[in-house]
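Report on the structure given below.
Sequential numbering from 1 along the given sequence is applied to the chain's residues.
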Amino acid sequence: VQMEQRVSLKFLVKLGKTFTEAYAMSKEVYGIECLSRTQVFEWFKRFKEGRETPKDDPRPGRIETLKKLVKSALKGTRFECVEAIKAKAMKGLNQLTEADFQHCFQQWRSCMERCRDHQGEYNEGEKVATTFLGNPKDEVDNNEKSGIYEISCKDCDQKYIGQTKRSILARFKEHMAHLRYGRMEKSCAAQHAFDSNHRIDKNNLKLIRNVTDSRQVDAFESLEIIKCNRSMNKDNDRKDQGRHFKENLGSLQNICTS
């Protein structure tokens with residue numbers, strides 16, 4: 001049924017129908033078996049851009065597939081010169097699709113990002129040299145910890161101070177989602193980035209203080225906001241931080257002395 005619907009969509013595109021018309025017709029003909037609106041839009045767009053086949057793309061190969069193709073093309077052959085080797089290898093590469101190369105590029109990019117995250121101490125299979133550095137599983141990344149965090153703007157010296165009982169990375173992703181979907185009222189960091197056309201990203205996320213006791217979080221957050229001279233936090237919030245800190249200081253002292 002899916003293939004039949006794709007063929008029908010291709011026909012509707014060639015008739016000059018709009019997406020809305022095509023989707024309405026598909027719903028009318030196929031009823032509950034109709035493809036989802038997202039799927040219909042995706043295939044409508046593909047046919048609109050000139051795609052001819054309604055079949056799925058072949059599954060992209062892995063980097064190892066490229067290596068095997070080149071090796072198999074060269075294996076068991078005696079070559080007279082380097083140019084003959086190059087020509088044979090190129091013939092094997094020409095058999096690959098654009099999707100194959102794109103997938104391999106994404107794999108290469110993923111490996112490079114892991115290498116960057118591990119500061120160069122990374123190889124394929126995600127094995128990290130542990131002889132002198134120790135096992136990375138022994139230490140929890142700061143981004144996976146909870147407590148007080150800051151997000152620095154990449155284009156100015158302002159910072160946002162926040163707190164979370166979950167990982168600070170999870171909280172940062174929420175800030176980015178608020179920015180992406182226009183929910184500025186839910187994030188001062190998103191509001192700053194939107195109003196100033198400035199940038200914030202994960203590289204500017206920092207754990208200031210690892211706090212696991214929920215009774216301490218409010219006091220430490222207020223303290224860090226007071227210490228920050230260039231804060232993205234709302235002005236009225238910042239003015240109240242001194243009062244908030246004093247209110248929570250008693251409980252903080254009790255915890256420290258107990």
Side-chain angles (χ1 to χ4, degrees), residues 110 113-122 126 128 130 133-258:
S110 177
E113 288 175 349
R114 293 195 195 104
C115 184
R116 179 201 63 199
D117 294 340
H118 288 94
Q119 298 182 347
E121 297 293 338
Y122 166 80
E126 299 189 0
V128 181
T130 59
L133 299 178
N135 193 323
K137 292 183 179 179
D138 294 338
E139 297 182 4
V140 178
D141 187 277
N142 279 342
N143 284 352
E144 298 302 325
K145 296 179 181 178
S146 61
I148 313 304
Y149 65 92
E150 73 173 31
I151 301 173
S152 302
C153 178
K154 293 190 70 171
D155 299 297
C156 70
D157 59 354
Q158 290 199 43
K159 300 176 181 179
Y160 173 79
I161 309 296
Q163 60 157 285
T164 180
K165 297 176 183 177
R166 298 170 294 143
S167 73
I168 65 172
L169 181 59
R171 184 70 185 100
F172 175 79
K173 290 179 179 179
E174 289 182 349
H175 285 289
M176 296 303 294
H178 293 326
L179 175 60
R180 188 177 303 115
Y181 297 111
R183 301 189 293 257
M184 310 308 169
E185 72 283 356
K186 295 186 176 182
S187 168
C188 294
Q191 187 72 60
H192 171 82
F194 180 78
D195 291 343
S196 306
N197 196 25
H198 286 181
R199 298 167 295 166
I200 55 175
D201 61 33
K202 190 175 71 172
N203 294 328
N204 298 93
L205 174 66
K206 176 183 175 182
L207 179 71
I208 303 176
R209 188 185 296 267
N210 181 210
V211 183
T212 56
D213 193 325
S214 59
R215 296 171 294 174
Q216 301 177 7
V217 174
D218 291 336
F220 279 124
E221 181 190 33
S222 298
L223 178 61
E224 294 299 336
I225 293 176
I226 293 170
K227 289 165 58 179
C228 183
N229 294 323
R230 295 281 291 164
S231 173
M232 297 179 196
N233 298 71
K234 294 179 180 179
D235 292 338
N236 58 336
D237 287 347
R238 197 166 187 275
K239 290 175 183 178
D240 289 338
Q241 293 312 313
R243 177 173 57 82
H244 292 164
F245 180 67
K246 290 178 181 179
E247 291 174 353
N248 292 290
L249 186 59
S251 60
L252 186 59
Q253 290 173 335
N254 292 334
I255 294 169
C256 294
T257 56
S258 61

Determine whether [X] and [Y] make a side-chain contact, defined as any pair of heavy atoms from C-beta on separated by less than 4.5 Å.
{"X": "N233", "Y": "Y160", "value": "yes"}
{"X": "E144", "Y": "L169", "value": "yes"}
{"X": "V211", "Y": "Q163", "value": "no"}

Inter- and intrachain pairs under salt bridge (Lys or Arg N to Asp or Glu O under 4.0 Å), touching residues 155-167, at least two apart: E150-K159, D155-R199, D157-R230, R166-E174

Pairs where residues 177-190 contributes a residue and the test salt bridge (Lys or Arg N to Asp or Glu O under 4.0 Å) is met, not counting sequence neighbours: none

Apply side-chain contact (heavy atoms from CB on, under 4.5 Å) to the pair Q158 and S196, showing each step before the final yes or no. CA-CA 11 Å; Q158 290 199 43; S196 306; 6.0 Å; no

Looking at every non-hydrogen atom in both residues, tell me the closest pair between A193 and L179 and how far apart they are.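 Shortest heavy-atom separation between A193 and L179 comes out as CB-CD2, 4.0 Å.
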
What one should report as the nearest heavy-atom pair of F172 and K202 is CZ-N, 3.4 Å

Just how far is it from atom [atom1] of [X] to atom [atom2] of [Y], taken to the nearest 0.5 Å?
{"X": "R171", "Y": "L205", "atom1": "CZ", "atom2": "CG", "answer": "11.0 Å"}
{"X": "C153", "Y": "I200", "atom1": "SG", "atom2": "CD1", "answer": "8.0 Å"}
{"X": "S146", "Y": "D213", "atom1": "OG", "atom2": "CG", "answer": "10.5 Å"}
{"X": "D201", "Y": "I151", "atom1": "CG", "atom2": "CD1", "answer": "10.0 Å"}
{"X": "I225", "Y": "I161", "atom1": "CD1", "atom2": "CD1", "answer": "6.5 Å"}

If the condition is side chain to side chain contact (heavy atoms under 4.5 Å, CB included), which residues does S187 pass it with, not counting sequence neighbours?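 With neighbours one apart ignored, the set is H175, H178, A189, A190.
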
Can you list everything that forms a salt bridge (Lys or Arg N to Asp or Glu O under 4.0 Å) with [X]? Sequence neighbours excluded, please.
{"X": "R209", "answer": "E224"}
{"X": "D195", "answer": "none"}
{"X": "K206", "answer": "none"}

Would you sort out whether I148 and V217 count as a side-chain contact (heavy atoms from CB on, under 4.5 Å), showing the intermediate values? CA-CA 7 Å; I148 313 304; V217 174; 4.1 Å; yes

